[in-house]
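A short worksheet on the structure shown next.
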Amino acid sequence: MHDDRNLVEARLRRVLDERIRPAVYPESVPLEVAVWHAPGEPVPVAEGLAATPEPIAPGAAWGAPWGTSWFTVTGTLPAAWAGRTVEAILDLGFNENMPGFQCEGLVYRPDGSPVKGLNPRNQWVRIGSPVEGGERVRLHVEAASNPVILGNPPFQPTHLGDKETAGGDPLYRLARMDLAVFDESVWQLVVDLEVLGELMLELPADGARRWELLRALERALDAVDLQDVNGTAAAARAELTGVLSSPAVPSAHRISAVGHAHIDSAWLWPLRETVRKVARTASNMTALLEDEPDFVFAMSQAQQWAWIKEHRPEVWAKVTKAVAAGRFVPAGGMWVESDTNMPGSEAMARQFVHGKRFFIDEFGIDNEEVWLPDTFGFAAGLPQIIKAAGSKRLLTQKISWSRTNTFPHHTFLWEGIDGTRIFTHFPPVDTYNCSMSGHQLAHAARNFKDKGVARHSLAPTGWGDGGGGTTREMVAKAARLRDLEGSPAVTWEPPADFFAKAEAEYPNPPVWVGELYLELHRATLTSQAKTKQGNRRSESLLREAELWAATAAVRAGAPYPYEQLDRIWKTVLLHQFHDILPGSSIAWVHREARRTYEAVAAELTEIIDTAQRALAGDGDRKVVFNGAPHTRHGVPAGGARTVSGARWTETRERDGGGFILQNDLLRVEIDNRGLVVSAYDLTAGRESVPPGQAANLLQLHPDFPNMWDAWDVDEFYRNTVTDLVDADEVSLDGDGVRVRRSFGSSTVTQVLTLAGGRLDILTEVDWHETEKFLKLAFPLDVRADRYASESQYGHTYRATHTNTSWEAAKFEACNHRFVHVEEPGWGVALVNDSTYGHDVTRAVRPDSGTTTTVRVSLLRAPRFPDPETDQGVHRFRHALVPGATIGDAVREGHFINLPERLVTGAAAEVEPLVTVDDDAVVVTAVKLADDGSGDVIVRFHESRGGRARATLTPGFPVAEVVATDLLERPTGAPGQGLSVSLRPFELVTLRLKRA
Ligand SMILES: [Zn+2]
């Protein structure tokens, strides 16, 4: 037989596009449309419904950037349509080539009850089936004219990303606004043809099934009368029943479809718009659940659920009803789908505390899976946190975005720094926007790396970010794919059901040890510096606020600000969302974030001040409070003392220019260029800076990645570098040295001082560059194969060399408070108060010594999505700690982030609520229990990667000690009392019931 594949395939495409799809709506009449444009920000629903609209015709322009327009559509069903199915088609001017990211609408009945969302690929509203004819129709649409930020071509700088700079020109043109007859039979034929046509293209050309499908499709096309598609659709479908009823082969891949809409909590729109995006999509999904009995929808991010509850009670009522039926399912257990590289230990823990608690309190649902499809890499501290929150499974597909190495598994055990293992699944469909296309499903089956031993994978299915979620077409496709020869078998089910099957069939999955590093989006550790500083500062202040408020409550009977702390935590957690903290949102989001962090800092400082005043009493003594987890200058961790410490630094001029700073621990030479040419550890008698080199070196690189400007730094940035060695000023400033430089359109001022064994460097940059990357370099005379970067509840090691492509790909990585390099017996730490990105490289010198260079990433200047990213003044604090052990790095990292606080009062001392007798054991939280019982919660961990045995001494009468999980629930583990043995990096939470 002749091979006419191409001919029939092309015929299918054209007939579907030009004849059959248009016949789904064979008759229509226009609706009358009127509109009222809300003058500013969105208004309450009642106000939008009550407004007086003006007539508007299809084709008219509407929608200033970020505006809200209330459309009223009215019409009468023709009498001739009696008995037919009728829908309204409401096209706000959508571009169907993009599933979301543009204008959107939510349809209401005149009584204010929501009907469903309107999205680019979801423009219909069912009016009746069957209708009587003659009925009046009246609907209201709350339409948001959100601008397209990521257009075509992508990554072009735009000022549309902030209402303050976006202008007022309308962005959209109203398109079709009709009442139309819906021909169910033709619609079903379209789905049949799509499912079989797409499956056919994925099948091998030398297999019989492909040809069976081709011939069946050809017979169906022959059966369609192109002048009477509606009259012949049923006959065409009859030609396909045979191939549609042939069952899947026994070895077919099994796909658990989970209805989903990945909604970024802020990104190319502000937070307030996400509140509405979530309401629209949730309305769509509750409506679809009513129509489709097999369908299951999952929504993550407790914050988004809380928004619905707070802002859209009518939508919330429908959602809770569907939750009770087990069909609208909370996914994961985090407050938001956060970044997991940058959040600190406690913040990462609280993502789970607040996320899980919301679902438990509202629905009694305690999920065991973590749902993070889109997060930019996963820190190796996370497995222990997941387990300590009472969960045990993780889902993400993001690592499939890595550009260098292909991850070897899709289902595996992920082992973290402490040895905790988490059952992990990467959906092989490689997207969180599956649309049930034949190509996606075939890709999932082909791509699945665990074939032969496992058969199940998960497919998050639906359009996110303003796409409205799963469509009825996806559900109709899934119904045909339930058991179809040649295709993976598709079943709708909640994530938990998938994980149960996947675990049962795969008792010994492979193991991946250490971080899940995303080989992409590395610049998210640096972009939007003030957002990152706001996060770090908030985390430190929250630690102090809880510590001092708890201490004041126990010691002085002061009220504990439960509700305030709960609210502030949720605000900080929200801003750790995977496009806010990473700096990849529009200008509006980061502008608001800066303001929010300022308010958070003010509120937390007030809590701290109030507590410390209550503890210090009235008087005129100088009382020093130490909020860090180690004793400092004689003040115990978590306590206060009246202190008059004599600290000295000697300063003198250096031969050849510059200055020398010296105390009893360190001697630092700063040359006439303002560079550190020597940092000598007087205790060990050892030099930190390699001969002929200089530390504290600012380096400027061009930084124009191939795509994803705010997200990416591409490796070639290193090929070109300018060392900023020219100083405008190098002078003594009190006990320190001030250095001023100018470059490009920017200036930088640094002040270098000694603080015990630390060289502190305060860097102030007035940054006015574009597409540049500013690094601060510290070449160190240390030979080390690996370096440690602080992560949650411990640290992670990475290679200093690039032997393998996996190591080479980690050319920019995340640290929290420190990076540490060492030879046996001697090391150096570089600590910071607010930066995350860094790189470490090595070189062997002519003298055969090895230089290990640690570089801090200070600032970038991408122009998309915020064209003014990071312009202006920034302040960073870093410190070099020569001779530091890993324990010193941990301690100094805390010290630089938690400065002492001086309070005037009467108390000679404030005893800590709890004292730990081993410095390796770090207390990360002291607080009152969230249940209001007054119990004291203490969380601590082994911080050096070894074993520890520590005794906790409470500074108050304790009736009982209970080990708990992160949610402060008893673990039921045998109690160790107050004398605790810890494995490397082990995390422990104790509830101390007060006697
Ligand atoms: Zn996302």
Side-chain angles (χ1 to χ4, degrees), residues 98-102 104 119 146 148-150 154-155 161 258-271 273-278 280-282 298-305 307 331-332 334-343 351 355 370-378 382 394-402 426-427 429-435 458-470 495 516 518 520-525 527-528 531 573-586 588-590 593 707-712 864-866:
M98 276 194 284
F101 313 105
Q102 46 187 296
E104 274 187 88
N119 306 91
N146 302 330
V148 173
I149 305 292
L150 187 58
F155 315 120
V258 176
H260 192 51
H262 179 76
I263 301 184
D264 291 298
S265 288
W267 180 28
L268 303 177
W269 48 88
L271 285 166
E273 191 56 29
T274 318
V275 175
R276 302 201 297 173
K277 276 185 192 289
V278 172
R280 292 177 203 118
T281 294
M299 191 168 98
S300 64
Q301 312 198 60
Q303 168 71 85
Q304 297 191 354
W305 292 69
W307 277 332
M334 295 173 69
W335 187 247
V336 295
E337 288 181 18
S338 76
D339 185 81
T340 77
N341 284 313
M342 291 175 278
Q351 285 287 353
V370 180
W371 184 272
L372 288 172
D374 194 29
T375 289
F376 309 155
F378 303 86
L382 194 56
L394 169 68
L395 178 136
T396 182
Q397 64 80 46
K398 198 63 178 186
I399 302 301
S400 72
W401 286 43
S402 282
F426 292 178
V429 71
D430 285 350
T431 178
Y432 45 77
N433 291 316
C434 177
S435 61
L458 187 148
T461 301
W463 304 123
D465 285 340
T470 316
L516 297 170
L518 178 63
L520 196 74
H521 293 358
R522 301 167 181 88
T524 58
L525 304 172
S527 298
Q528 298 286 2
T531 300
L573 297 177
L574 167 59
H575 287 79
Q576 292 176 339
F577 176 74
H578 67 256
D579 284 306
I580 305 181
L581 180 53
S584 44
S585 282
I586 51 172
W588 188 346
V589 174
H590 292 288
M707 52 201 294
W708 297 109
D709 299 44
W711 293 254
D712 283 359
F864 181 88
D866 175 1

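All of these numbers come straight from a predicted model, not from anything done at the bench. Indexing begins at 1, ligand by ligand and atom by atom, following the structure's order.
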- Query: Between Ser338 and Gln351, which heavy-atom pair has the shortest distance, and what is it?
  - Reply: CB-NE2, 3.5 Å
- Query: By atom name, which N, O or S atom of His578 is the nearest to the Zn ion (ligand 1)?
  - Reply: NE2
- the Zn ion (ligand 1) - name of the N/O/S atom of Asp264 that sits closest to it: OD1
- Task: With the side chain counted from C-beta on, respond yes when Trp371 and Tyr432 share a heavy-atom pair under 4.5 Å apart, and no when they do not.
- Result: no
- Message: Within 2.8 Å of the Zn ion (ligand 1), is there any N, O or S atom belonging to Asp374?
- Response: yes
- Query: When you check the side-chain N and O atoms of Asp339 and Gln576, is any donor under 3.5 Å from an acceptor?
  - Reply: no
- Please state whether the separation between the Zn ion (ligand 1) and some N/O/S atom of Asp465 is under 2.8 Å? no
- Task: Taking the six-membered ring for Trp and the full ring for Phe, Tyr or His, determine whether the centres of His521 and His578 are under 6.0 Å apart.
- Result: no
